[in-house]
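The structure appears below as structure tokens.
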Protein chains: 2
Amino acid sequence: MHKPTIEDVAKRANVSIATVSRVINRQGGVRQKTEARILAAIEELNYIPNAVARSMVKKTTNTIGIIIPDVNNPFFPTVVSGIEQKAREKGYFTFLCNTNESADTERELLTILLERSVDGLIITTADEAGDQLQTVMDAKIPVVAVDRAIKKFEVDTVLVGNVDGAYQATRHLILQGHKRIAIICGPQNTTPGYERFVGYKKALDDYGIPVVQEYVLEGDFKEESGRRLTKQLYQLPERPTAIFSSNNLMTVGCMKALYELDWKLGEEVSFIGFDDVDIATFVNPPLTVVSRPMRKLGEVAFEMLYERMTEGWDGAKRHYVLSPELKIRQSCRLK
Amino acid sequence: MHKPTIEDVAKRANVSIATVSRVINRQGGVRQKTEARILAAIEELNYIPNAVARSMVKKTTNTIGIIIPDVNNPFFPTVVSGIEQKAREKGYFTFLCNTNESADTERELLTILLERSVDGLIITTADEAGDQLQTVMDAKIPVVAVDRAIKKFEVDTVLVGNVDGAYQATRHLILQGHKRIAIICGPQNTTPGYERFVGYKKALDDYGIPVVQEYVLEGDFKEESGRRLTKQLYQLPERPTAIFSSNNLMTVGCMKALYELDWKLGEEVSFIGFDDVDIATFVNPPLTVVSRPMRKLGEVAFEMLYERMTEGWDGAKRHYVLSPELKIRQSCRLK
DNA sequence: GTTCTAAATCTAAACGTTTACATTTTGGAG
DNA sequence: CTCCAAAATGTAAACGTTTAGATTTAGAAC
């Protein structure tokens, strides 16, 4: 009445468990007739091989861990779905974990993942310094960093061109004739936050536009800060004529603020955002944005991981940088 | 140089593995001094218990499977996050699987999940008939159905009041003075699709409004059908004055169509949707919707599952029905 | 019918834990 | 110091596979 095991199958088919194992794993070297008998037994017993036992001896679980900092930011689920699709194709399952940007939570999750013997790890860390990854490095499992690099350890990394994207965005605004361009930055102690500011600054510099203090505001990549800072911009004696928001969630906040302030998008103020958002085509006018290849990011990440996991490929760590793309819609008007 | 095992710890602390096991699992009955020695050894070796081996003997993995039919529908990720939060609290990990509404894919995934010995399963099935669940029932693991019932087997189920929600929505429209109310239905062979139509019809009946053929259109719960059918409605010699969309994705499609047709929302046509959507407050005027307690749905589902998994509680299967709520915004104008 | 080789099959160990049961140790009572 | 019960610790089996290496079998060649 218990779950049938390989032994039950063996008994019923009148062979040893080794032979059953061979047919389960399609290793060949089993007489046609024997195989048929075994297959029949499997069928009759509704036998399902036990992956736990298999993992035990094979020392591999066909499972990977994914750690992201914020499930509520649609960017990550999209990246994850890219990872998962590729993973499933190769027979891997994933444990998805959310740290809520807490390095402590990350540390705990890492331990659990290690207990569960994941074969690899894809992570967007909550703390780029990376001390919390020591245990993982000790365990010597392959790691791929996505969207945020890790300072302390050399690992495969896949990023997108933040500086490049922010530069393109800012230049686009400049070429439309804007001079008073504000930026709502992300946290400056994070790479994406910092680099996007760098791209903004670089564009301004290249076109000889001074960076003005009041137009550079630092948010936390969450919706509410976008809203608050937009309102702050509105209070300025000399309002900016264009705003560049550093991420998707803050963009949503900006839109809410604009609506609440009745600050006319595309007329009184131009807007460009980093990352495409669902609402982009539903606001009026539709938003021009810097778009990142999110699924692709995930796909590349898994592929890198896969090579390390299967081939035990131990070559130099790679840094892959994907290019963002400017999606021009109508929120940036000539000034 | 291999991963340290419980045996390595035992050797180093000069005790037997049984004693180490006892301290790892906080079972007590270990002399203070001994425990300290063991803890030290664990620390020094960076020992991490192997959950696979533990599962092997305990016959439990602290893992559950979640099967959903469409990751791209934000409804499911939200439900899932409700499940996951509760699960994590109780020390469970989840395998999230997407069937893309295919019963065959579902069958495959079910097998893999069973191979991996999940302790329980939460599922929104792609085929309510439920034949594909036979293997799971054979394995005797607890199952909770979410959002869609399963006909063939008695399982714990958590649903929301579809008829009720659709009734409320339609009545709201009627009370605003509408008589020509169209519905964009979901597939009529699915419970949610069918029941929402039933609620619509019931409201019409109760208020003595005839159901007219041309105003009842069947979509597939995907965005594109919402768009297409809205356009079809627009072609009608006598256009409806209000539209009820049966789910979130189709609502998005409707909005796109309205925009493309320049069919003025809230003025020329009122609108109400089943399920709240991100864009609801970004279109103008904001959308009135029937909102479902999505996270709650997930939380309840896990809690039901948890009882079955831990207490082996074998009582009668329960059906839990959560109530939807009407969120009145401004897309339904008096006619 | 033998003999031999290759193919098929089997035996048993190993994977890293938990746990029932057996054994040893501790320390207080006498 | 001896004895004893309780507390601490140890031993070994079990969990369900995979896989070396040993053994058996099949069938061709003679």
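Naming: A, B, ... by sequence-line order, numbering from 1 per chain. Every heavy atom of this structure was used, including side-chain atoms; hydrogens, water molecules and symmetry mates were not. Because the structure is a prediction, the values reported are computed rather than measured.
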Respond yes when some side-chain nitrogen or oxygen of [X] is under 4.0 Å from OP1 or OP2 of [N], and no when none is.
X: S21(B); N: dT17(C); value: no
X: N50(B); N: dC15(C); value: no
X: S16(B); N: dT9(D); value: no
X: R54(A); N: dT18(D); value: yes
X: K59(B); N: dG16(D); value: yes
X: Q27(A); N: dT18(D); value: no
X: K3(A); N: dC15(D); value: no
X: R31(B); N: dT9(D); value: yes

Length of the [atom1]-[atom2] vector between [X] and [N], whole Å:
X: E7(A); N: dT17(D); atom1: CD; atom2: C1'; answer: 11 Å
X: I48(A); N: dG16(D); atom1: CD1; atom2: P; answer: 14 Å
X: N14(A); N: dT9(C); atom1: CG; atom2: C1'; answer: 12 Å
X: L45(B); N: dG16(C); atom1: CG; atom2: C1'; answer: 15 Å
X: M56(A); N: dA14(D); atom1: CE; atom2: C1'; answer: 13 Å
X: K33(B); N: dA7(D); atom1: NZ; atom2: P; answer: 19 Å
X: N25(B); N: dG16(C); atom1: CG; atom2: C1'; answer: 13 Å
X: I6(B); N: dC15(C); atom1: CD1; atom2: C1'; answer: 14 Å

Criterion side chain to side chain contact (heavy atoms under 4.5 Å, CB included) against R37(B), the qualifying member of V15(B), V23(B), V9(B): V15(B)

task: Would you mind telling me which residue lines up with the more 5' stretch of DNA chain D, R37(B) or K58(A), judged by nearest nucleotide?
output: R37(B)

Among [options], the nucleotide that comes nearest once only the side chain of [X] is considered:
X: Y47(B); options: dC10(C), dT9(D), dT17(C); value: dT17(C)
X: I17(B); options: dA12(D), dG16(C), dT19(D); value: dA12(D)
X: R22(A); options: dG21(D), dT9(D), dG16(D); value: dG21(D)
X: V57(B); options: dT18(D), dT11(D), dG16(C); value: dG16(C)

query: Centre of F75(A)'s six-membered ring, under 6.0 Å away, within 45 degrees of the axis: is that where NZ or CZ of R292(A) sits?
result: yes

- request: Look at the aromatic rings of F95(A) and F95(B) and report parallel, tilted or perpendicular, splitting at 30° and 60°.
  value: parallel

field: E115(B) atom CD, neighbour heavy-atom count above 12 within 6.0 Å
entry: yes

Could you tell me whether [X] contacts a base, only the sugar-phosphate backbone, or nothing, with contacts defined as non-hydrogen atoms closer than 4.0 Å?
X: V52(A); result: nothing
X: T5(B); result: sugar-phosphate
X: I24(B); result: nothing
X: T34(A); result: sugar-phosphate

task: Identify the heavy atoms of H319(A) and V155(A) that sit nearest to each other, and give their distance.
output: NE2-O, 3.9 Å

- line: Smallest heavy-atom separation, R22(A) atom then V30(A) atom, equals CB-CG2, 4.0 Å

message: Both V15(A) and V20(B) contact DNA chain C. Taking the nearest nucleotide for each, which residue is further toward the 5' end?
response: V15(A)

